[in-house]
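All of these numbers come straight from a predicted model, not from anything done at the bench. Side chains included, hydrogens not; waters and symmetry mates left out as well; all remaining heavy atoms used.
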Amino acid sequence: SQFFPPLSTLQKTQTSSTASSPPTDGSGDPKEVKQFFKKLWHSRLSSEDCKDMGSMLDMLKLTPEQKKLFETFKEKLEIPKSGVPQYSGIRDDITLFRFLSGKQWNIEDALNQYRAMAKWREEEKIEKLIEWEGKNQDEIKLAEKLYPSCICGDDKEGRPVVIARLGKIAVKEFLKSFSKEDWLMHHKWRVEKTIELLRKRTIALKKPIYQAVVLVDLEGMGFSFRHIMPYMKMTSQIDKQNYPETVSYIFLLNTPWVVPLLFKMLAPFIDPRTKEKIQASSSTPELAHKVMDSKVLPAAWGGENQIELPVAEVDSDNDNDDGLSVQNVAARSLHSFKSACDDPKGGKFVWLMKLESYDISLKIEWIDGENGTREKIVDSKKTSQIEGSFEAKSTGHLLITFDNSYSYFRSKDVHFGVVFHPAGGGKDVMSTPAGRCASPAAKAHNRRP
């Protein structure tokens, strides 16, 4: 069996068929719904629960051509037409459908991805995750404390609506508590539990539920979150290859100024089809109101659901720390510094600059390390915030200049950071101006009219 019920030491075992369900369409009590999904997460699937799942494929409304492709896909994978368990493993019809639809019904592409996934599961011993779960309860509980999330109900199609409050993660505490290897194990376990949850909802609602809707609250996120980006890159690659088509929509809510920069760092590792499902906004996107009933959407984001949003049990350490260096540039002066690319294959630079008050001019040039040529990348006059990126094809460096020469009397505090991602792999490199924060007296001077 390749599904992962919790050990009996976690709580009294109950099957999904015996779990009493409050209305999950927004008409139920928010506390009861939240608690129901928590219990459902820890419940156990049984063969009795899943005896009627064989008919689910018919409900996917495949075209005649898609049905033929589906049968061909199963034949090439040597999966029998009948007798395959539909509630566990990776050979069930809905899993096969996810791989085919994820590759837009290109059989060869889907076969390559599916076979790579099957090999990965064998190498990673995914079937042993239940043993990992039993031995790492303290780590699982710590992750729940640091990563606030819950399920608040179902959307209009019956898909579970997941709340993930990434902006509330205490970055320093997270990094201290989890290595990338630790978090990778937790992530694999968490995704497998999510797949199992979707199967439970399929059984309960008697229709295929193979995707979730995700509400990602980014309020409070600063540039210091970049330290968690290597973790997200790693897990995004795992999901892209091994868990296609498990998300229908991702709504990024309360997006602060830093999100476009962080997204540029993560974008290369996200499946193209997943990117199409992401909507970012400082408010709640209109599509979210169409996807889910207002009684399901939390009141904090424009809905009517009075659910208590999950909070991290460890206070966020991100307040007043955007992770950027602060360089004071005196009046009638310029300040320049370099950010180097030492990788012969090049790499990607991503930068962000902002001022809390006033403006400054920014100039960025690429100096090629092989031939010494200069290329103008940015020449922005009197701006208070800007972000961008540049793909280097060889060694060299960016020459970054803050120009405050037009200001006769006022110095400026510039918040700035640039991250370099080597094309050949290796760790990201953060470059900042060799400056320090302005003194309180200087800040008071800058605020004068």
### Query
Yes or no on side-chain contact (heavy atoms from CB on, under 4.5 Å) for K348 and S389, after CA distance, side-chain angles and deciding distance?
CA-CA 7 Å; K348 185 174 185 177; S389 61; 3.8 Å; yes

### V311/K168 under side-chain contact (heavy atoms from CB on, under 4.5 Å): CA gap, chis, key distance, verdict
CA-CA 7 Å; V311 295; K168 301 303 180 184; over 6 Å; no

### Derivation of the side-chain contact (heavy atoms from CB on, under 4.5 Å) call for I209 and E157
CA-CA 8 Å; I209 303 295; E157 299 297 325; 5.8 Å; no

### Message
Applying salt bridge (charged side-chain N to carboxylate O under 4.0 Å, His left out) to E124 and K188, what does each step give before you reach the verdict?
### Response
CA-CA 10 Å; E124 295 294 316; K188 289 185 291 188; 2.7 Å; yes

### Query
Could you go step by step and tell me if W132 and I130 meet the side-chain contact (heavy atoms from CB on, under 4.5 Å) rule?
CA-CA 5 Å; W132 176 89; I130 188 172; over 6 Å; no

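Using bins of under 30°, 30° to 60° and over 60° for the plane-to-plane angle, the ring pair W183/Y147 lands in the parallel bin. Aromatic ring orientation, F99 versus Y114: perpendicular (interplanar angle above 60°, classes split at 30° and 60°). Using cut-offs of 30° and 60° for the angle between ring planes, the Y249 and F251 rings count as parallel.
No more than 12 heavy-atom neighbours from other residues, nucleotides or ligands sit within 6.0 angstrom of NZ on K180. Counting non-hydrogen atoms of other residues, nucleotides and ligands closer than 6.0 Å to NZ of K125 gives a total of 12 or fewer. With a 6.0 Å radius and a threshold of 12 heavy atoms from other residues, nucleotides or ligands, K156 has its NZ atom above the threshold.
The main-chain N or O of D182 is found under 3.5 Å from a side-chain atom of S179 such that the two form a donor-acceptor pair. With S101 contributing its side chain and R98 its backbone, the two residues share a donor-acceptor pair below 3.5 Å. Judged by distance alone, with hydrogens and angles left aside, the side-chain atoms of T235 form a donor-acceptor pair with the main-chain N or O of M232 at under 3.5 Å. At distances below 3.5 Å, at least one donor-acceptor pair connects side-chain atoms of S248 with backbone N or O atoms of A212. Without hydrogens or angle criteria, T63 side chain to Q66 main chain gives a donor-acceptor distance under 3.5 Å. Distance alone, capped at 3.5 Å, places no donor-acceptor pair between the K145 side chain and the A312 backbone. The backbone N or O of L40 sits less than 3.5 Å from a side-chain atom of K200, completing a donor-acceptor pair. Between the Q113 side chain and the K240 main chain, a donor and an acceptor come within less than 3.5 Å of each other. Looking only at distances, a side-chain donor or acceptor of Q137 sits under 3.5 Å from a matching main-chain atom of E133. Side-chain atoms of K277 come within 3.5 Å of backbone atoms of V247 as a donor-acceptor pair (strictly under, hydrogens ignored).
The distance from the CG atom of L352 to the CD atom of Q385 is 6.0 Å, given to the nearest 0.5 Å. Here M234 contributes atom CE and E181 contributes atom CD; the two are 7.5 Å apart, rounded to the nearest 0.5 Å. To the nearest 0.5 angstrom, F225 atom CZ is 5.0 Å from L166 atom CG. Atom CZ of F390 is separated from atom CD1 of I364 by 10.5 Å, given to the nearest 0.5 angstrom. Going from atom NZ of K354 over to atom OG1 of T383 covers 13.0 Å, rounded to the nearest 0.5 Å. Considering CG of L215 and SG of C150, their distance stands at 9.5 Å, rounded to 0.5 Å.
Ion pair K119/E122 not flagged as a salt bridge, since none of the NZ, NE, NH1 or NH2 atoms sits closer than 4.0 Å to an Asp/Glu carboxylate oxygen. A salt bridge is absent between E286 and K290; no separation between the charged side-chain nitrogens and carboxylate oxygens falls under 4.0 Å. In this structure, K38 does not pair ionically with E144, as no charged nitrogen and carboxylate oxygen lie closer than 4.0 Å.
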Could you go through residues 266-274 and list every donor-acceptor pair under 3.5 Å that involves a side-chain atom there, pairing it with any protein atom two or more places apart or in another chain?
from: D271; atom 1: OD2; to: R273; atom 2: N; distance (Å): 2.9
from: R273; atom 1: NE; to: E245; atom 2: OE2; distance (Å): 2.9

Kindly list each side-chain donor-acceptor pair under 3.5 angstrom involving residues 292-299, sequence neighbours excluded, with atom names and distances?
from: D293; atom 1: OD1; to: K295; atom 2: N; distance (Å): 2.8
from: S294; atom 1: OG; to: E304; atom 2: OE2; distance (Å): 2.8

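Heavy-atom minimum distance, S384 versus Y358: CB-O, 3.5 Å. Residue D343 comes nearest to A423 through the heavy atom pair OD2-N, 3.6 Å, listed as atom of the first residue, atom of the second, then distance. Of all the heavy atoms in D217 and E219, the pair that sits closest is OD1-N, 3.2 Å. In terms of heavy atoms, W41 sits closest to R190 at CH2-O, 3.5 Å. Of all heavy-atom pairs between L69 and W105, the closest is CD1-O, 3.9 Å. Pairing each heavy atom of E32 with each of P22, the nearest pair is O-CG, 3.8 Å.
Using a 4.5 Å heavy-atom threshold, the side chains of R115 and W120 count as separate. Between I151 and V161, the closest side-chain pair of non-hydrogen atoms is not below 4.5 Å. Within the 4.5 Å cutoff, the side chain of W351 has no heavy atoms near those of the V419 side chain. Using a 4.5 Å heavy-atom cutoff, the side chains of C152 and K34 are not in contact. The shortest distance between side-chain heavy atoms of H421 and K233 falls below 4.5 Å. Proximity of I107 to K76: side-chain heavy atoms (C-beta onward) are separated by under 4.5 Å at one or more points. By the 4.5 Å heavy-atom criterion applied to side chains, V33 and I307 are not counted as neighbours. Looking at L77 and L111, their side chains come closer than 4.5 Å, going by heavy atoms from C-beta outward.
Side-chain polar atoms of T24 and D154 form a donor-acceptor pair below 3.5 angstrom. For D92 and T95, the side-chain atoms include at least one donor-acceptor pair closer than 3.5 Å. At a cut-off of 3.5 Å, with distance as the only test, no side-chain donor of H186 or N136 sits close to an acceptor on the other residue.
Annotation: salt bridge (Lys or Arg N to Asp or Glu O under 4.0 Å) contacts involving residues 62-75, sequence neighbours excluded, comprise K74-D93.
Checked against the 6.0 Å centroid criterion, the rings of Y231 and F174 qualify as a close aromatic pair.
Partner of I163 under the side chain to side chain contact (heavy atoms under 4.5 Å, CB included) criterion, chosen from L309, V214, L253: L309.
For the pair R199 and Y210, the cation-pi criterion (under 6.0 Å, within 45° of the ring axis) is not fulfilled.
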